[in-house]
Amino acid sequence: MWYNITMNLNRKSGILLHPTSLPGAGGIGTLGQASFDFIDWLSDSGTKLWQVLPLGPTGYGDSPYQPFSAFALNPLLIDMEGLFEQGWAQAEDVKVPDYIKPEGNVDFGSVVWWKKTALKNICKKIIDSGLKKIKTEFDSFCQEKAFWLDDYAAFMSIKSHYDSQGMWNKVWPEDLRLCRKTAVKKWEEEHKEEILTEKLIQFFAFTQWNRLHEYARKKNVEIVGDIPIFVSADSADVWSNQSCFQLKKNGEPSVVAGVPPDYFSPTGQLWGNPLYNWKKLAEDGYGWWIERIKSTLKLVDYVRIDHFRGFDSYWAVKYGSKTAEKGRWLKGPGLSFFKAVKNALGELPLIAEDLGEITESVRQLRKKTGLPGMKILEFGFDCAEEKRGALLNAFLPHNYTDTNCVAYTGTHDNDTVQGMLNALSQENLCLVASYLEGKKTDFATACSMRTDGTLCQKMVSLCFASTAAFALVPMQDLFGFGSDCRMNTPGSACSNWAWRMRDDMLYGELAEQKGQWLKEMNCLYNR
């Protein structure tokens, strides 16, 4: 049975860039002027899509895929200057201290140290004023976000008191750990200002994001968001919805998420996220998930669902295991989940991240839902199969059998295209160059084309030229940057998520050149 929940995609192009990677004086990209200028730059080149990573509040490790909430926004995205311009803060409240680097990669420790304190000070002044100037708007916001905001504010307040001792399911007092209503209510009464501060910070973030999103719409730029299938163990979502996850009575997970050993990792990948109790979630028609998707679609225009295969079956590893080698496949909710989502929300602009170990059952689920999948050009050359001189890999454009898909040069988890090219063996470099050139290319010529950036440019052009409905390119690939500029290296805990654009990538001659190239490709390939 076919049960399409999404509409077909129209032919468009876009850039993958997380807002934290934008330039700016505050040490991290924000929802301030640079984000509006980036939308202008996209619009001027006819580029209609801006893809971001998950927007939630990050913690240890700074990963947007391990946020403290699946609903809240990251306070680090708040534009401090914007709070001053709005009349919500004074000039001294938003002054950037000398230890914050105005350029270069994000130093998350320094930014958090400054911004967290500054935001709390701003909130205290507003609270002391009796919420003067913002009370009506703020009350409306709190009412609209009540599904998650109260739990999130309470979680962050309690967490701030016990965080140094360990995670909530290990060190919080039992009544709070198990989220018993009486205990939580008592905490809220005793910590009103802290709770109010957390809500005000979210009010700032949502107000600024909504303003940016509305501006993007006016400029004919749509935003592609991202929903990780799993949520962080250290999150308000798990703490306040414990029956919806496979947890022990003390709040610890019984099993956690990961993937089994494969070609890339002999011990598998142990992600550690608690797994859903799909039977419990099904009892109310997957209400929590429906609210999650609905909430995300208020912020963005399309949503990529990360690890789509987990809705078909997921790898469950016993909690406490050192690796993901020993686990078992458990059935996910399958088509019933997507039926419930469609019945509640109608046709949805969703994209399935259907990468990794994909079975026929997963392929059939994606086809039945009608969700467009992803094609990663780098993967086409990672494991290219040859037969009578033909490249058979499904990630290469000449093998696309369905145009309702999304082509990428690479994603946030991949090396940059230039980095990938730099690491190729002589044989594979010649293979890539021959494919991109459309004729057999010798090693000396391939090396020259790699060094001068020609091969990287041709890879970007190939993505745009493909029959895929959407063509999305990380900003690093558009500029031909190497491995030192990649966004994330899976399995590594160092220097991830920190890359930032230089000012000249958004302003001046270089930015104009790349914008003109984008414009030419969009015209040439009808995007």
Completion exercise
When rounded to the nearest 0.5 Å, the distance separating CG of Asn393 from CZ of Phe379 is 10.0 Å

Handout entry: Distance-only side-chain donor-acceptor flag, Thr411 / Asn414, under 3.5 Å
Key = yes

Practice task
Answer yes or no: is there a side-chain heavy-atom contact under 4.5 Å between Pro397 and Thr467?
Solution key: no

Problem - Modelled atom types, side-chain donor and acceptor of Ser336 and Tyr286, under 3.5 Å - result: yes

Problem - Aromatic centroids of Trp271 and Tyr314 separated by under 6.0 Å - result: no

Exercise for the section: Could you verify whether a donor N or O on one side chain and an acceptor N or O on the other, from Asn220 and Ser43, lie under 3.5 Å apart? Expected result: no

Completion exercise
Tested for side-chain hydrogen bond (donor to acceptor under 3.5 Å, both in side chains) against His412, the lone hit among Trp499, Tyr65, Trp497 is Tyr65

Handout entry: Aromatic ring proximity, centroids under 6.0 angstrom, Phe338 and Phe308
Key = yes

Exercise for the section: Report the distance from atom NZ of Lys458 to atom CD of Glu437, rounding to the nearest 0.5 Å. Expected result: 4.5 Å

Exercise for the section: State the CE-CZ distance between Met487 and Arg500, to the nearest 0.5 angstrom. Expected result: 11.0 Å

Problem - 4.5 Å side-chain heavy-atom contact, Pro253 and Leu275 - result: no

Exercise for the section: Scan side-chain atoms only and decide if Gln516 and Glu512 contain a donor-acceptor pair under the 3.5 Å cut-off. Expected result: no

Practice task
Decide, yes or no, whether a salt bridge links Glu214 with Arg211 under the criterion of side-chain N to carboxylate O below 4.0 Å.
Solution key: no

Exercise for the section: Please tell me if the side chains of Asp402 and Pro372 come closer than 4.5 Å, counting only heavy atoms from C-beta onward. Expected result: no

Exercise for the section: Indicate yes or no: at least one non-hydrogen side-chain atom of Thr359 is less than 4.5 angstrom from one of Arg309. Expected result: yes

Handout entry: 4.5 Å side-chain heavy-atom contact, Ile227 and Leu350
Key = no

Problem - Cationic tip of Lys145 above Phe71 ring, under 6.0 Å, 45° of axis - result: no

Exercise for the section: Would you please test Val231 and Val238 for side chain to side chain contact (heavy atoms under 4.5 Å, CB included) and show each step? Expected result: CA-CA 8 Å; Val231 296; Val238 178; 3.7 Å; yes

Exercise for the section: Run through Trp50, Phe38, Trp41 and flag the one making a side chain to side chain contact (heavy atoms under 4.5 Å, CB included) with Val221. Expected result: Trp50

Practice task
For the residue pair Gln208 and Thr30, establish whether any side-chain heavy-atom pair is separated by less than 4.5 Å.
Solution key: no

Exercise for the section: Output the distance between atom OH (Tyr152) and atom OG (Ser69), rounded to the nearest 0.5 Å. Expected result: 6.5 Å

Practice task
Return the minimal non-hydrogen interatomic distance between Leu55 and Pro19, and the atom names on each side.
Solution key: CD2-CG, 4.2 Å

Exercise for the section: Using distance alone, with no hydrogens and no angle criterion, decide if Tyr276 and Asn241 have a side-chain donor and acceptor under 3.5 Å apart. Expected result: no

Practice task
Look at atom CZ of Arg217 and say whether more than 12 heavy atoms of other residues, nucleotides or ligands are closer to it than 6.0 Å.
Solution key: yes

Practice task
In sequence, state the C-alpha distance, the side-chain angles, and the governing distance for Tyr525 and Phe464, and then conclude on ring-ring contact (aromatic ring centres under 6.0 Å, His included).
Solution key: CA-CA 6 Å; Tyr525 300 122; Phe464 274 67; 7.1 Å; no

